[in-house]
Protein chains: 2
Amino acid sequence: MSKGRSKRVSLKDIANKLGVSTALVSYVLNGQEKEKRVGAEIVIKIRQALEEMNYVPNHIARSLRNGKTQTIGLIVTDIANPFFSSMARCIEDEAGKKGYTVIIGSSDENCNKSRRLVDTMLNRQVDGFIIVPADGCYDYATLIVNEGFPLVMVDRYIPELSTNYVVLDNFGASYDAVNYLISRGYKKIGMVAYKTNLIHMKERIRGYTEAVKNAGLGKRIWEIRYDHQKDDIKKMTQQFQDKNNVKNVDALFFATNTLTMAGLYRVNELKLQVPEEVAVIGFDGNEAFDFYSAPLTYVKQPGNEMGKEAIRILVEQIEGSGKISHISLAHQLILRNSC
Amino acid sequence: MSKGRSKRVSLKDIANKLGVSTALVSYVLNGQEKEKRVGAEIVIKIRQALEEMNYVPNHIARSLRNGKTQTIGLIVTDIANPFFSSMARCIEDEAGKKGYTVIIGSSDENCNKSRRLVDTMLNRQVDGFIIVPADGCYDYATLIVNEGFPLVMVDRYIPELSTNYVVLDNFGASYDAVNYLISRGYKKIGMVAYKTNLIHMKERIRGYTEAVKNAGLGKRIWEIRYDHQKDDIKKMTQQFQDKNNVKNVDALFFATNTLTMAGLYRVNELKLQVPEEVAVIGFDGNEAFDFYSAPLTYVKQPGNEMGKEAIRILVEQIEGSGKISHISLAHQLILRNSC
DNA sequence: CTGAAAGCGCTTACAG
DNA sequence: CTGAAAGCGCTTACAG
């Protein structure tokens, strides 16, 4: 077992050994022996040598020459968030099958971080991007598109920017969840959302609004600030508990995974019984939901499918087909005991 | 807004514009103007041009020339597992600060997948590896080390392989957890572990064994097969509930995150009360633990610190210092209501 | 059908 | 102090 990095065999090594030019070896390597009309017996010899000498193409050299790196940049809100980590897992697996490698970054919904991540990835010359765009900072996404890089947005999209996206049918999911609460007899239904201009949140709010309006019920919405989550959630719980407050509720619909968790922690602190004192519908499956005192009814997003579609579309774009895809996927309402 | 990828400025563009050689530009770019004794006023001119023309070095070209890619390969068991996803998050952030990019893969404790991931990463010419080694397939780890690539193993290590690692003090953590159960008066303490030769599991089992032995209690261990988890957990619950079985228990200590979850699902199905009918200590923090009917007492691993240490050591190795580090971190026992 | 050669964009010994 | 040039390992027009 000798230590030290052994030098890899290059195309030239193969060519020299066989006394042919590197061009021929390259053609065979890339399956162009037909188009380039390489002699039949020489093809065989080259294949053998490639095999015997254990040749592995130098990816970097190829990238420099081709301007393609077979690498994809993925920017999510936070890879430690289970919704995104399982989506990432799925994207990596699918990308791998197609010969692509993924580099991941977490933006924390922050413009500067997003920008920096895009710069790094651009610098690394990724072939395309899958991005969960953060609120209010679309310059980098626009840049990506204007520079001609393939981009697929997931989870949310930027309406002004004409490019691909794969999202949940957010309106439908929210509408359905709230209607379910209505069908269960709840009259004072509140929604806990994020304060943001992002379309997915607007859509979820629209679904809620439409549903309560159709049922002739009052609207009770809290828009939590992403970076003052704790304070705003606290204020929210004070209001919804107060029988005299217009925002007093008998049921709560949470608009995301994180909000659901934050809300439940608070509900637990206050020792409120779910669903007796307040009914709950959550967003995104999550093991914690299963173990909640009343296993949570929730809106299940098809995270894996979202990832799969995103990578499929992106690779299509990278490798040719120009047409833009807008995909919106259906949710599933998982019924359990929290309402 | 013109579409289409605009050509990036190259070193040569700068050199041509200024009428100097690329060598000088390169020296200035890399802060070698002193060593290479570049003329003072030309340095200024070059700096200006670099700035003005918005020069960004071509990473690929640099990598081809240097044989360094500023990229790190990270292989975990499953990036969708919260323990690994938060560690990965931390590794990415730290790596970014040091100018490195990370590519991640999930091995699923599977040798073939691990092997394939290492091949891909080797092919991508990563500068070093952080790996959670899978059981029984150490050839690729040995290969990495023998080829002279820096490697840091995390979570577990391979005793036969002389290289860096960062792990939990698994013996200590387990010993402590079981002693806590003993101090709470439990007499029939069972441990649920994985069937594997991996050192971290052996150490956790050893901690348990030592603790029950010292207390004069009987040993009750289940070794669950990773790929028959459900069946084995089911069998386990049948045995531990049976008062006539030698493996009947009043308390259970789970050796991992996943095992804890799988065990609790089953305990819930059987409608067993925790801690009244069976006390529980889990492993790794997890939001689900917080929401369990009895918030779980658990062994908290310093996952973030593990990630930070791993990347620190790896970068040290990549950039020079040769000495091997073995780090074992302390756990924290988080006391709550499950025992 | 095949080879010699240019070039992707850098870095770095070498000569002056 | 500076420039010309080689070379990292590929791919691909071009000439024959």
Side-chain angles (χ1 to χ4, degrees), chain A residues 5-47 49-50 53-71 99 122-125 127, chain B residues 5-47 49-50 53-71 99 122-125 127:
Chain A
R5 222 164 288 190
S6 49
K7 211 174 145 290
R8 294 162 54 156
V9 275
S10 69
L11 264 195
K12 211 170 156 191
D13 294 335
I14 308 267
N16 284 344
K17 190 190 167 183
L18 261 42
V20 301
S21 76
T22 57
L24 293 193
V25 184
S26 174
Y27 294 149
V28 172
L29 191 65
N30 295 306
Q32 303 178 44
E33 58 271 15
K34 290 271 181 279
E35 301 97 291
K36 305 292 180 171
R37 305 160 173 277
V38 182
E41 63 272 40
I42 215 165
V43 170
I44 298 179
K45 268 199 215 156
I46 290 176
R47 287 225 186 91
L50 250 22
M53 299 182 68
N54 235 316
Y55 175 76
V56 182
N58 182 317
H59 201 269
I60 307 281
R62 208 174 238 180
S63 298
L64 180 59
R65 179 57 224 237
N66 290 337
K68 295 271 174 227
T69 53
Q70 301 284 119
T71 303
L122 239 20
N123 193 223
R124 295 265 168 174
Q125 293 170 54
D127 295 336
Chain B
R5 221 164 290 189
S6 50
K7 213 175 144 289
R8 295 164 53 158
V9 276
S10 68
L11 262 194
K12 212 170 155 189
D13 295 334
I14 308 269
N16 284 343
K17 191 190 168 187
L18 261 43
V20 301
S21 75
T22 57
L24 293 192
V25 184
S26 173
Y27 293 150
V28 172
L29 191 66
N30 295 305
Q32 302 177 44
E33 59 270 16
K34 289 271 180 282
E35 301 98 292
K36 304 292 181 172
R37 305 161 172 278
V38 183
E41 63 272 39
I42 214 164
V43 170
I44 297 177
K45 269 200 215 154
I46 290 176
R47 287 225 186 90
L50 250 21
M53 300 183 68
N54 233 317
Y55 175 75
V56 182
N58 183 317
H59 201 269
I60 307 280
R62 208 174 238 181
S63 298
L64 180 60
R65 177 59 223 231
N66 289 337
K68 295 270 174 229
T69 54
Q70 301 285 118
T71 304
L122 240 19
N123 192 222
R124 295 263 168 175
Q125 293 170 55
D127 295 337

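Below, chain A is the first sequence line, B the second, and so on; all start at residue 1. What you see is a predicted model, and the numbers here were worked out from it, not measured in a lab.
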Exercise. For residues B:Leu29 and B:Tyr55, determine if any side-chain heavy atom of one lies less than 4.5 Å from a side-chain heavy atom of the other.
Key: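 The answer is yes, as the side chains (C-beta and beyond) meet within the 4.5 Å cut-off.
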
Quiz item: Is there a side-chain contact between A:Val28 and A:Ile42 (heavy atoms, below 4.5 Å)?
Solution: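 Sidechains of A:Ile42 and A:Val28: no contact.
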
Self-check item: Contact residues, residues 23-35 of chain B to DNA chain D [heavy atom, < 4.0 Å]
Solution: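 Nucleic-acid contacts, sorted: B:Ala23, B:Leu24.
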
Self-check item: Derivation of the side-chain contact (heavy atoms from CB on, under 4.5 Å) call for B:Val9 and B:Val56
Solution: CA-CA 7 Å; B:Val9 276; B:Val56 182; over 6 Å; no

Which atom pairs, one a donor and one an acceptor, fall under 3.5 Å between side chains of residues 33-41 of chain B and the rest of the protein, sequence neighbours left out?
unit_1  : atom_1 : unit_2  : atom_2 : d
B:Glu33 : OE2    : B:Arg47 : NH2    : 2.8

Exercise. Could you list all the salt bridge (charged side-chain N to carboxylate O under 4.0 Å, His left out) pairs where at least one residue sits in residues 16-31 of chain A, not counting sequence neighbours?
Key: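 Every salt bridge (charged side-chain N to carboxylate O under 4.0 Å, His left out) pair that includes a residue of residues 16-31 of chain A, provided the two are not neighbours, is A:Lys17-A:Glu52.
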
With [X] via side-chain hydrogen bond (donor to acceptor under 3.5 Å, both in side chains) - residues at least two apart:
X: A:Asp13; value: A:Ser10
X: B:Arg124; value: A:His59, A:Thr71, A:Thr101
X: A:Thr69; value: A:Asp127

Quiz prompt | Closest-nucleotide ordering on DNA chain D, the 5'-leading residue of B:Lys36 and B:Arg65 | solution =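 Nearer the 5' end of the strand: B:Lys36.
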
Quiz item: Can you name the residues that form a side chain to side chain contact (heavy atoms under 4.5 Å, CB included) with A:Asn30, not counting sequence neighbours?
Solution: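 Scan of A:Asn30 (side chain to side chain contact (heavy atoms under 4.5 Å, CB included), adjacent residues dropped) gives A:Ser26, A:Gln32, A:Arg62.
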
Exercise. Go through the steps for B:Arg8 and A:Asn123 under the test side-chain contact (heavy atoms from CB on, under 4.5 Å), then give the verdict.
Key: CA-CA 10 Å; B:Arg8 295 164 53 158; A:Asn123 193 223; 3.6 Å; yes

Practice problem: Quick one: the dot-bracket string of DNA chain C, using Watson-Crick and G-U wobble pairs with both distances under 3.5 Å, [ ] for crossing pairs and | for bases paired to another strand. | Solution: |||.||||||||.|||

Quiz item: A:Ile60 near the nucleic acid: base, sugar-phosphate alone, or nothing, with a heavy-atom cut-off under 4.0 Å?
Solution: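 Counting heavy atoms under 4.0 Å across all strands, no contact is made by A:Ile60.
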
Quiz item: Heavy atoms under 4.0 Å, any strand shown: does A:Ser63 hit a base, just sugar-phosphate, or nothing?
Solution: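 Since no nucleic acid heavy atom lies under 4.0 Å of A:Ser63, the category is nothing.
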
Self-check item: Start and end of the DNA chain C segment that chain A contacts, any atom under 4.0 Å from a heavy atom
Solution: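 That gives a stretch of C:dC1 to C:dG9.
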
